[in-house]
Amino acid sequence: MRVRFAPSPTGFLHIGGVRTALFNWLFARHYGGQFILRLEDTDEKRFVQDAADDIMASMRWVGMNWDEGPDVGGPHAPYVQSERKALGIYQGPADALVASGHAYKCFVTPEGEEAMRAAWAAKGERPERFRFRGPERDWTPAQTAEAEANGRPFTIRLKVPLDGATSFSDLVRGGDQITIANADLYDLVLLKTSGMPTYHLAHLVDDHLMGVTHVIRGEEWVPSAPYHIMLYQAFGWHMPTFAHVPNILRQDGKGKLSKRKDDVSTNRFWERGYLSQAMFNYLALQGWSYDDKTEIMSRDEIVARFTIDRVQASPARWNPDKLKDMNGIYIRSLPTAEVAKLLMPYMVKAGMVADPPRAEDLSYLTQLTPLVHERLEELQQAAEMLAFFFADLPAYEPKLLIQKQMDAARTADVLRAAHAALNSIEVWATDTLEAQLRDLVGRMAVKPGQIFGSIRVAVSGRTVAPPLFETLAALGRERSMARIAAAAIALE
RNA sequence: GCCCCCAUAGUCUAGCGGCCUAGGACGUCACCCUUUCAAGGUGAAGAUCGCGGGUUCGAAUCCCGCUGGGGGUACCA
């Protein structure tokens with residue numbers, strides 16, 4: 001089994017593209033076949049520098065590797081179509097098709113085609129029914145030779161039959177046949193005026209040359225599949241098996257994901273602190289499922305379980321909440337020390353830790369990580385959650401200190417009492433802090449939440465924060481005492 | 001417009017003729033735990049299986065029509 005993912009380097013790879021790549025990769029790994037990466041840069045106008053590197057980095061981040069590809073080489077190198085074009089790989093097949101009568105040289109220019117459309121409409125035909133058919137279909141070899149001798153530029157187009165229909169079967173649709181009438185097709189360009197092949201010719205020649213057995217691609221390719229079928233038949237080549245996998249639709253369901261409209265570039269997710277395994281797991285479940293219950297699966301488990309017959313034919317919907325939930329599950333499954341290391345870059349980026357971090361920065365962060373570990377859904381959230389450990393408290397509203405059924409004077413009393421009580425602690429640690437403060441609760445005749453809430457705001461500046469005793473312990477005696485004292489004063 | 005594909009709760013899905021009084025997950029809500037927030041636990045609401053016809057003893061599951069959604073309609077991929 002040999003499959004490939006063949007992106008076009010016209011920009012970053014969004015998660016929908018990664019998902020399609022992933023299905024190919026899973027298929028190859030499940031059956032012990034090969035996964036090929038090929039760059040389809042036949043669009044000379046939309047080429048984007050660095051896009052190829054970004055695409056490969058995104059794929060590697062999610063956890064895919066390839067057996068053959070632009071950077072790793074392979075028996076069918078090169079794996080970049082512009083380089084293959086320079087080698088003349090596509091010219092021969094195109095010429096062969098012309099020679100066998102399956103294709104023809106077409107001298108109609110873009111302006112000429114516009115004129116043909118206008119003429120079609122003028123005849124009273126519905127404009128939307130126009131299907132391009134070159135007049136050269138019926139030319140004699142002499143006519144073509146003459147035009148060519150005159151130096152007129154031409155494309156090579158597929159000579160699509162005027163009647164009949166073309167069918168093919170699709171694995172995702174249970175092997176059902178999809179049939180399209182040839183009259184609804186047009187004479188597809190195979191070789192552009194520039195001599196560059198179009199996707200249709202290039203991918204097919206390469207798939208054949210590279211021994212691709214299964215074409216797993218997005219469902220947007222279904223309408224052009226009949227052309228590909230015709231091409232295989234015209235060449236007399238063995239036809240691969242097709243599997244058109246569903247697209248991922250935008251969150252609102254209005255269309256498929258788009259690079260321009262949606263914030264779905266793959267590298268944005270590692271920037272925000274998504275774990276590679278979480279993304280892998282989530283993406284695998286976009287259009288594929290194992291059974292009626294299992295969702296959290298390791299890469300190996302997914303590889304072992306992935307089959308095309310369990311791929312859905314209907315499109316999935318992009319659901320960031322679900323991804324986030326899954327990311328939280330994976331973060332919680334990691335050892336705290338591991339999470340601390342993962343968190344460091346985010347702390348540095350937020351300017352809370354020196355760049356590069358010192359050894360004591362990591363040990364302090366390791367001490368703080370348990371306070372936020374199970375609360376994280378994205379690693380980047382840690383910087384915000386832990387900010388008050390790394391800087392003086394920003395100004396906050398003193399009103400926040402006052403808990404339910406309390407007033408300013410009473411709250412100030414409580415804070416002063418807490419300050420005094422903590423002052424007497426010999427060993428500043430979570431358990432001693434808790435014992436001392438719980439004792440205070442009894443003595444002051446207030447509810448735990450009333451004291452703890454006030455102290456929480458006093459030391460963190462916020463009402464939602466990590467557990468109090470652990471926070472005080474990690475913050476240290478001096479800073480804790482200073483913040484509690486300052487809070488009491490702020491209430492006067 | 002035309003062509004193609006698809007159709008189970010707000011979302012992702014299980015289901016491939018009787019096991020379904022339709023299962024799981026996200027999200028939502030409630031309760032428990034609890035110093036806040038999470039996590040965890042328990043529970044609830046939420047689907048006339050898009051609608052209408054068939055086939056069958058029996059249909060979410062098969063067929064047809066309709067509707068809705070998506071995709072395609074380039075010398076882009």
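We name chains A, B, ... by the order of the sequence lines, and we start the count at 1 in each one.
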Between B:U28 and B:U11, how far apart are the two C1' atoms, rounded to whole Å?
12 Å
A quick test of your reading: do over 12 heavy atoms of other residues, nucleotides or ligands sit less than 6.0 Å from NZ of A:K192? yes
- Taking the six-membered ring for Trp, are A:W221 and A:H228 parallel (under 30°), tilted (30 to 60°) or perpendicular (over 60°)? tilted
Report task. Answer yes or no: does a side-chain N or O of A:Q312 lie under 4.0 Å from OP1 or OP2 of B:U13? Result -> yes
| request: Quick one: label A:K254 by what it contacts on the DNA or RNA (base, sugar-phosphate, nothing), any heavy atom closer than 4.0 Å. | output: sugar-phosphate
note: A:L371, atom CG; B:A39, atom C1'; distance rounded to Å ~ 14 Å
- Query: Using a cut-off of less than 4.0 Å, is there contact between a side-chain N or O of A:R317 and OP1 or OP2 of B:C6?
  - Reply: no
Contacts of A:S314 and A:T463 projected onto RNA chain B by closest heavy atom; the upstream (5') one is A:S314
- Contact class for A:G255 (heavy atom, under 4.0 Å): base, sugar-phosphate, or nothing? sugar-phosphate
So, are A:K159 and A:D187 salt-bridged, with charged N and O less than 4.0 Å apart? no
With under 30° as parallel and over 60° as perpendicular, where do the rings of A:H203 and A:H200 fit, or are they tilted in between?
perpendicular
Notebook entry, point to check: Is the count of non-hydrogen atoms from other residues, nucleotides or ligands lying under 6.0 Å from A:E220 atom CD greater than 12?
Noted result: yes
Which of B:A25, B:C4, B:U13 is nearest the side chain of A:I178? It is B:C4
Using the six-membered ring wherever Trp is involved, compare the ring planes of A:F107 and A:W139 and label them parallel, tilted or perpendicular (cut-offs 30° and 60°).
parallel
Letter by letter from the 5' end, nucleotides 72-77 of chain B scores (B base, S sugar-phosphate only, - none; protein heavy atoms under 4.0 Å) S-SBBB
Taking B:C26, B:C37, B:G70 as options, the one with an atom nearest any side-chain atom of A:E219 is B:G70
The answer to which of A:E295 and A:G453 contacts RNA chain B further toward the 5' end, by nearest nucleotide, is A:E295
Side-chain atoms of A:I180 come closest, of B:G71, B:C3, B:G1, to B:C3
| task | Using a 4.0 Å heavy-atom cut-off across all strands, classify A:R250 as base, sugar-phosphate, or nothing. | result | nothing
Per atom distances to the A:D184 side chain, the nearest of B:G23, B:C2, B:G40 is B:C2
> Base, sugar-phosphate alone, or nothing: which one does A:G253 contact when heavy atoms must sit under 4.0 Å apart?
Replying inline: sugar-phosphate
Regarding the side chain of A:R173, the nearest nucleotide among B:C6, B:U11, B:U13 is B:C6
Side-chain atoms of A:D325 come closest, of B:C26, B:C4, B:G23, to B:C26
If you define the side chain from C-beta out and look only at heavy atoms, does anything of A:L39 sit under 4.5 Å from A:E83? no
